[in-house]
Amino acid sequence: MRPFLRAVPGALALVLAMPVTAAADGSVVGGQPVQVTQSPWVVALASQDRFGGERSGQFCGGVLVGRRTVVTAAHCLSEEVLGVPWRKVRDLRVIVGREDLARAGGQELKATRVWISPRYDSWTNESDMAVLTLEKPVTNRAIPIADGDSDAYEAGTAAAVYGWGDTTGEGSYATRLRSARVNVLPDSECARAYPGGADGTYKAASMLCAGEPQGGRDACQGDSGGPLVVQGRLVGLVSWGTGCGKRGNPGVYTRASGLIPEVAAHGAG
């Protein structure tokens with residue numbers, strides 16, 4: 001995995017799991033705590049075996065888009081993040097309805113089916129998406145995905161990103177769910193920041209650019225796979241970027257409209 005991608009690589013995460021673990025406190029750089037009752041569609045991907053138990057083993061985020069269907073980033077289930085192939089992570093769980101990862105609450109569910117985009121490219125970061133089917137339906141409210149022609153994707157639109165990831169960019173991981181206000185930025189901002197090479201390649205057709213031109217508010221390590229939301233609709237999944245909240249390096253998100261056919265094909269409602 002390239003430096004500063006939004007999930008902590010497996011080997012490093014195992015080290016962080018001792019005093020902290022792989023996700024955010026003051027989580028989401030520049031964010032504020034939020035209640036899970038206000039955002040019941042935010043879920044956590046967890047494995048205590050791989051990432052320790054202090055923060056429920058959280059290592060990535062995800063989004064409930066149906067009673068049994070969760071979407072997340074493909075790279076969250078990569079060997080680079082987990083340290084082993086995902087099928088060997090026997091305690092892989094989706095945590096639904098837990099606001100504070102240091103406490104109990106909510107549900108920990110297995111995924112009975114996992115689909116990872118075969119088009120995912122770890123070099124360009126394109127098609128960074130996966131669909132998980134939960135072992136049973138949940139009562140938590142799912143979030144609708146914004147259609148491709150929705151004005152929710154327009155530059156200048158106010159958005160919010162959610163997660164339990166690094167809150168400073170320096171390994172300060174959150175236990176409570178947090179959210180930060182950002183703006184959808186012009187594609188040109190990310191095209192300029194990520195023209196291709198070791199940091200990834202911005203592709204406007206399948207990616208979305210968001211953050212603040214001056215930096216300061218952003219997703220970070222451990223927030224990968226979590227939601228970018230505009231007016232109650234999912235517009236993006238935290239995917240990649242250089243640093244966290246750095247001026248000139250916005251966050252890059254998987255464009256959520258690309259998930260719609262995949263959820264229809266691989267989800268369970």
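Nearest approach of Val182 to Ala210, heavy atoms of both residues: CG2-CB, 4.3 Å. Among all heavy-atom pairs drawn from Ala159 and Leu228, the shortest one is CB-CD1, 3.8 Å. Arg141 approaches Pro40 most closely through the heavy-atom pair NH2-CD, 3.7 Å. The two atoms that bring Ala74 and Asp128 nearest to each other are N-OD1, 2.8 Å, heavy atoms only. Ala146 approaches Ala152 most closely through the heavy-atom pair CB-CB, 4.3 Å. Smallest separation of non-hydrogen atoms from Gln48 and Gly53: OE1-CA, 3.5 Å.
In this pair, Tyr162 and Trp41 present their aromatic rings perpendicular. The plane angle is above 60°, beyond the 30 to 60° band.
The existence of a salt bridge linking Arg98 and Glu108 is confirmed by a sub-4.0 Å separation between a basic side-chain nitrogen and an acidic carboxylate oxygen. Taking the charged nitrogens against the carboxylate oxygens, Glu126 and Arg119 have no contact shorter than 4.0 Å, which rules out a salt bridge. Classification of Asp151 and Arg233 as a salt-bridged pair holds, one side-chain N sitting under 4.0 Å from a carboxylate O.
At least one side-chain heavy atom of Leu77 sits under 4.5 Å from a side-chain heavy atom of Val114. Residues Lys136 and Arg67 have side chains not in contact (no heavy-atom distance under 4.5 Å, counting atoms from C-beta outward). Contact of the Val65 side chain with the Leu259 side chain is not registered, since no non-hydrogen atoms from C-beta on lie closer than 4.5 Å. Within the 4.5 Å cutoff, side-chain heavy atoms of Met207 are placed close to those of Trp240. No side-chain heavy atom of Val70 sits under 4.5 Å from any side-chain heavy atom of Val96. Within the 4.5 Å cutoff, side-chain heavy atoms of Leu177 are placed close to those of Ser39. Tyr120 is not listed as a side-chain neighbour of Met129, based on a closest heavy-atom distance of 4.5 Å or more. Contact check for Leu185 versus Cys190: no side-chain heavy atoms found under the 4.5 Å cut-off.
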Trace of the side chain to side chain contact (heavy atoms under 4.5 Å, CB included) decision for Thr72 with Leu132: CA-CA 8 Å; Thr72 189; Leu132 283 63; 3.8 Å; yes
Stepwise side chain to side chain contact (heavy atoms under 4.5 Å, CB included) test for Asp49 and Val89: CA-CA 8 Å; Asp49 179 57; Val89 183; 5.7 Å; no
Worked verdict on Tyr194 versus Thr242 for side chain to side chain contact (heavy atoms under 4.5 Å, CB included): CA-CA 9 Å; Tyr194 309 111; Thr242 299; 3.4 Å; yes
CA sep, side-chain torsions, deciding dist, call: Val81, Trp86, side chain to side chain contact (heavy atoms under 4.5 Å, CB included): CA-CA 9 Å; Val81 169; Trp86 70 266; over 6 Å; no
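Interatomic distance, Arg176 CZ to Gln35 CD, rounded to the nearest 0.5 Å: 8.0 Å. For the atom pair SG of Cys209 and CZ of Arg192, the computed distance is 9.0 Å after rounding to the nearest 0.5 Å. We find the CG-CZ distance between Leu109 and Arg68 to be 10.0 Å, quoted to the nearest 0.5 Å. The CG atom of Leu82 sits 7.0 Å away from atom CG of Leu92, with the distance rounded to the nearest 0.5 Å. Atom OG of residue Ser206 and atom CG of residue Asn125 lie 10.0 Å apart, to the nearest 0.5 angstrom. Atom CG of Leu208 sits about 9.5 Å away from atom OG1 of Thr254, to the nearest 0.5 Å.
Side chain of Asn249 to main chain of Lys246: no donor-acceptor pair is present (N/O by atom type, distance under 3.5 Å, no hydrogens or angles). Panel note: side chain Thr69, backbone Ala268; a donor-acceptor pair is recorded below 3.5 Å. In terms of modelled atom types and a separation under 3.5 Å, the side chain of Asp218 and the main chain of Gly211 share no donor-acceptor contact. Checking side-chain atoms of Glu135 against main-chain N and O of Lys110 turns up a donor-acceptor pair under 3.5 Å. Within the 3.5 Å criterion, the main-chain N or O of Trp123 finds a donor-acceptor partner in the side chain of Asp121. For Tyr153 (side chain) and Gly236 (main-chain N/O), no donor-acceptor pair under 3.5 Å exists by modelled atom type.
Of the residues Val238, Leu237, Val184, the one that meets the side-chain contact (heavy atoms from CB on, under 4.5 Å) test with Tyr253 is Val238.
Residues Ser224 and His75 have side chains that bring a donor and an acceptor to within less than 3.5 angstrom of each other.
For Trp115, the side chain to side chain donor-acceptor pair (under 3.5 Å) partners are His266, not counting sequence neighbours.
Residues Val36 and Leu234 do not share a hydrophobic cluster, clusters being chains of Ile/Leu/Val/Met/Phe/Trp/Tyr side chains in contact below 4.5 Å.
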